[in-house]
Amino acid sequence: MPTRERALALRAEIEEHNHRYYVLDAPLLSDAEYDCLFRELQALEAAHPELVSADSPTQRVGAAPLPEFAAVVHATPMLSLNNAFDDAEVTAFDRRVGEGLAIHGDLDYSAEPKFDGLAVSLTYQNGILLRGATRGDGATGEDVTANLRTLRSIPLHLQGSGWPTLLEVRGEVLLWRSDFERLNSQQREKGEKAFVNPRNAAAGSLRQLDPRITATRPLRFFAYGIGLAAGTSLPATHSALLDRLAEWGFPVAPERRRVKGLAGLLGYYAHIGGQRALLPYDIDGVVYKLDDLAAQEHLGFASRAPRFAIAHKFPAEEALTELLGISIQVGRTGALTPVARLVPVFVGGVTVSNATLHNEEEVRRKDLRIGDTVVVRRAGDVIPEIVRVQWEKRPTGAPEFNMPTSCPVCASKVVRNTDEAVARCSGGIYCPAQRKQALLHFASRRAMDIEGLGEKLVEQLVDSDIVRTPADLYRLGLLALANLERMADKSASNLLSAIEQSKQTTLARFIYALGIRNVGETTARDLARHFGNLDRLLAADEADLLRVPDVGPIVARSIRQFSGEPHNLEVIEQLRAAGVVWRDVEVLASTASNNTGKVFVLTGALPTLTREAATQMIEAAGGKVSSSVSKKTDFVVAGAEAGSKLEKARSLGVTVIDEAQLLGLLSVAQPVQ
DNA sequence: TTACCTCGAGCTCA
DNA sequence: CTCGAGGTAA
């Protein structure tokens, strides 16, 4: 057989066995027989490098390391699902779906386990794996193609036929528990650190810059849906779509089922719950999706999650531990937060030793006392929470918790407004804790972006009284930094140059950096845009401030309080004197105000602009971009394959425009900065 | 909130 | 080798 044909045959055969092993879980060959084929192909390709192709199974061993991961903008955002924690919430979901579709009687759902891994997106062009990306914040993720290529359960090219020319498959990367155990014993043998749970091990493996390391980690993939498909028609139901994905070579959960109505959903939940410990991988619940894809489209999305699907989560794992004490954290605004210090306990896959208690009321309600035995869980997957106290184990004489009446850091009086739950230290800038937080905020990435000024450094700078206000940062010299820990020549000069660089900023960033209460990034931008320069903002009275879009009485009062404080004005003067500058934003001209406050909704794929670019342009012109169509929407910008938003716009009589019309609208108001 | 990866640089010991 | 900072993910 000619070499070329032999290579192709070997590839096909190896892929087939990969598929049988990793996807169907039904191998035909022993590992040794498989290795034999694999080595033959490797040898062939080594002898004939021109035969090597990116979709050859030998390429799964991992390409050369990358300097960094590139950003990937998702064609359609990778949203998360709403959660249901009990039967009542599932019942409500089923009722909402029925009402939304005006259907009485049982609905058909597709139900599947909810894998505990990381969400990824795989893009195939003409059947070839083109790109793999992490979910990121839903809009933008990271390009981890080289790493995902090494997963044998991910097809490098699609099988079967009838696949779209452009296909984006979404699914979960995870480790099976048995593979995780094996990986950890290998790690220990090599003298490296073991991972604490399969999810983190999978996440860590995927974030390796060197794909050759990823290749040695037994990661798996399960597909659960698609983000995009162009060039062919798809099945009418989600369950048929999953079957189709299986035909194309993707692993899909064998536990998936079609179920009918609420009873079917709850029955499935109970069934999978019973199987949970027997499954080879970790799951944290089950997912229900309305099966009919057209009906899904009809229901559409509410804010950040689809209306047609929900995750029914298993109850969070709980553990017993002891409350060692309650410490008080002082925030940037002086807010005092009680934090439970716990005897470390492993729960929900991590070791928990702290849990925020939010405020005094919360501690009272749970009646926590030092020395109590408490039930701890991780609520909503992440935040540790004290569920309750085991009263019977309470040590005798344990005193009630009281919020301190003076700040634990600066001893200033603690005040609490009658209508608020939070107690605050009244020390303001005299409180070192508040100063530290204010400085960290000032230096943070979204504010002045002073790289290298982190927690430990701020701690040292404030404690040694080298820095009291943000303006002091700009007076720092090599000498002042000389005696600090971990701050030798190189670090010091890097810090100074980062501080120097931060002097060039924007008005919006600067306003945000000031840390005015209730003024976050968005409000800071609104203020910068409205007033155009800082002096006008500082001189504004409440009435002026209320004219800014989205500024209400509370925000207006906070700003007035800030600018009425001479010390704040002084620091601002010092900052300007030190050379902090920004280009004043021109107040939008009257022609531009055509778009001011107008609400745009983007739907479908625009011919030339990305969603991000369109959003930026609209915002720069004073408009707003919203994710869902309502009566308040002024324009719906529709692109190719616009879906339910377009229908909704028509039914509400909202003006629908295309990209060209959008550009026309915006062109009268060119972005100012 | 915790766990993980990665980087640059400081510290430590030969 | 260890630390601090900065990033990501759930």
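Throughout, a chain's letter reflects where its sequence line sits, starting with A, and its residues are numbered from 1.
For residues 448-476 of chain A, proximity to DNA chain B is found at no residue, defined as any non-hydrogen atom under 4.0 angstrom from a strand atom.
A cation-pi arrangement is present between A/Arg220 and A/Trp176 under the rule of less than 6.0 angstrom and at most 45 degrees off the ring axis.
A/Glu168 and A/Ser121 are linked by a side-chain donor-acceptor pair at a separation below 3.5 angstrom, with hydrogens and angles left out of the test. A side-chain donor from one of A/Thr76 and A/Arg170 sits under 3.5 Å from a side-chain acceptor of the other. Looking at A/Arg365 and A/Asn359, their side chains never bring a donor and an acceptor atom within 3.5 Å of each other.
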What pairs of donor and acceptor atoms, side-chain ones from residues 473-486 of chain A against any protein atom, are under 3.5 angstrom apart with sequence neighbours left out?
residue  : atom : partner  : partner atom : Å
A/Tyr474 : OH   : A/Ser502 : OG           : 2.8
A/Arg475 : NH2  : A/Asp472 : OD1          : 2.6
A/Arg475 : NH2  : A/Gln574 : OE1          : 3.4

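Contact between the side-chain N/O atoms of A/Arg378 and the OP1/OP2 oxygens of C/dA10 is not found at any separation under 4.0 Å.
Here A/Val382 lies in heavy-atom contact (under 4.0 Å) with a base. Within the 4.0 angstrom heavy-atom criterion, no nucleotide atom of any strand lies near A/Ala203.
The listed nucleotides are B/dC7, B/dG10, B/dC5; the one nearest the side chain of A/Leu209 is B/dC7. Closest contact between the side chain of A/Arg207 and the listed nucleotides B/dG10, B/dC5, B/dA3 involves B/dC5.
Checked against ring-ring contact (aromatic ring centres under 6.0 Å, His included), A/Phe250 has the following partners two or more places apart in sequence or in another chain: A/Tyr124.
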